[in-house]
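One structure is given here, and the rest of the page talks about it.
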Amino acid sequence: MTAPMQVGYADIARVWREADAIEEIEHAWLFDHLLPLGGDPDGPIYEGWTLLSALAAQTRRLRLGLLVTSNRFRPPAMLAKIATTVDVISGGRLDFGIGAGSRPNYPPARREYDAHGCRTTTSTGR
């Protein structure tokens with residue numbers, strides 16, 4: 001798993017290309033967060049699905065995905081279209097995992113949701 005934060009794109013791409021060349025490494029993952037979880041809270045972070053698409057185009061063998069996609073960040077139909085596009089770019093190597101997202105009352109998640117205008121309640125209002 002490569003945390004796409006506090007690091008440059010060239011370094012992440014290099015690590016994934018190197019991993020793709022090592023037969024024993026079967027899969028590679030990013031996470032789905034919009035703000036850094038560690039280090040400088042205002043430091044760099046890449047959006048997971050966009051980065052995954054770029055890395056899918058630069059690798060040929062690795063299974064790939066996000067651990068784990070938050071259903072709070074993107075509308076379902078849009079997320080399905082994004083995942084389908086990444087699967088096509090990767091030649092069918094996408095492993096799709098979806099979760100409920102972090103608890104809205106968890107401070108790092110609250111910061112992330114507020115900064116990006118994400119919904120923080122379920123359909124039941126909780």
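Numbering starts at 1 and runs along the sequence shown.
Atom CG of residue Leu30 and atom CG of residue Leu66 lie 5.5 Å apart, to the nearest 0.5 angstrom. For the atom pair CG of Leu34 and CG of Leu37, the computed distance is 10.0 Å after rounding to the nearest 0.5 Å. Separation of atoms CG (Leu67) and NE2 (His33) is listed at 10.0 Å; rounding is to 0.5 Å. Remark: Leu52 CG to Leu55 CG distance equals 6.5 Å, nearest 0.5 Å. Note: Arg93 CZ to Thr59 OG1 = 3.5 Å, rounded to the nearest 0.5 Å. Here the straight-line distance linking atom CZ of Arg17 with atom CG of Asp20 works out to 10.0 Å at 0.5 Å rounding.
In this structure, Ser53 and Val86 approach most closely via the heavy-atom pair CB-CG2, 4.0 Å. In terms of heavy-atom proximity, Glu26 sits nearest to Glu23 at CG-O, 4.4 Å. Residue Ile22 comes nearest to Arg61 through the heavy atom pair O-NH2, 2.8 Å, listed as atom of the first residue, atom of the second, then distance. When every heavy atom of Ala28 is checked against every heavy atom of Leu62, the shortest pair comes out as CB-CD1, 3.9 Å. Heavy-atom minimum distance, Pro36 versus Pro44: CG-O, 4.2 Å.
Leu79 and Tyr46 fall within the same hydrophobic cluster, where Ile, Leu, Val, Met, Phe, Trp and Tyr residues are linked whenever their side-chain heavy atoms come under 4.5 Å apart, directly or through other members. Each of Phe96 and Phe31 belongs to its own hydrophobic cluster when Ile, Leu, Val, Met, Phe, Trp and Tyr are linked at side-chain heavy-atom distances under 4.5 angstrom. Using a 4.5 Å cut-off between side-chain heavy atoms of Ile, Leu, Val, Met, Phe, Trp and Tyr, with links allowed through other members, Met78 and Trp49 fall into the same hydrophobic cluster.
For the pair Ser90 (side chain) and Asp87 (backbone), a donor-acceptor distance under 3.5 Å is present. Checked by atom type and distance alone, the side chain of Asp32 pairs as donor or acceptor with a backbone atom of Ser70 at under 3.5 Å.
Annotation: side chain of Trp29 is not in contact with side chain of Leu64 (no heavy-atom distance under 4.5 Å).
Side-chain contact, Arg74 with Thr69: no donor N or O sits under 3.5 Å from an acceptor N or O.
Within 6.0 Å of atom CD in Glu18, more than 12 heavy atoms from other residues, nucleotides or ligands are found, so the atom counts as buried in its surroundings.
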Only distances under 3.5 Å count here; give the side-chain donor-acceptor pairs of residues 2-10 to other protein atoms, sequence neighbours excluded, each with its distance to 0.1 Å.
residue: Thr2; atom: OG1; partner: Trp16; partner atom: NE1; Å: 2.9
residue: Gln6; atom: NE2; partner: Gly38; partner atom: O; Å: 3.0
residue: Gln6; atom: NE2; partner: Asp40; partner atom: O; Å: 2.7
residue: Tyr9; atom: OH; partner: Gln58; partner atom: NE2; Å: 2.4

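A salt bridge links Asp11 to Arg14: at least one charged side-chain nitrogen sits closer than 4.0 Å to a carboxylate oxygen.
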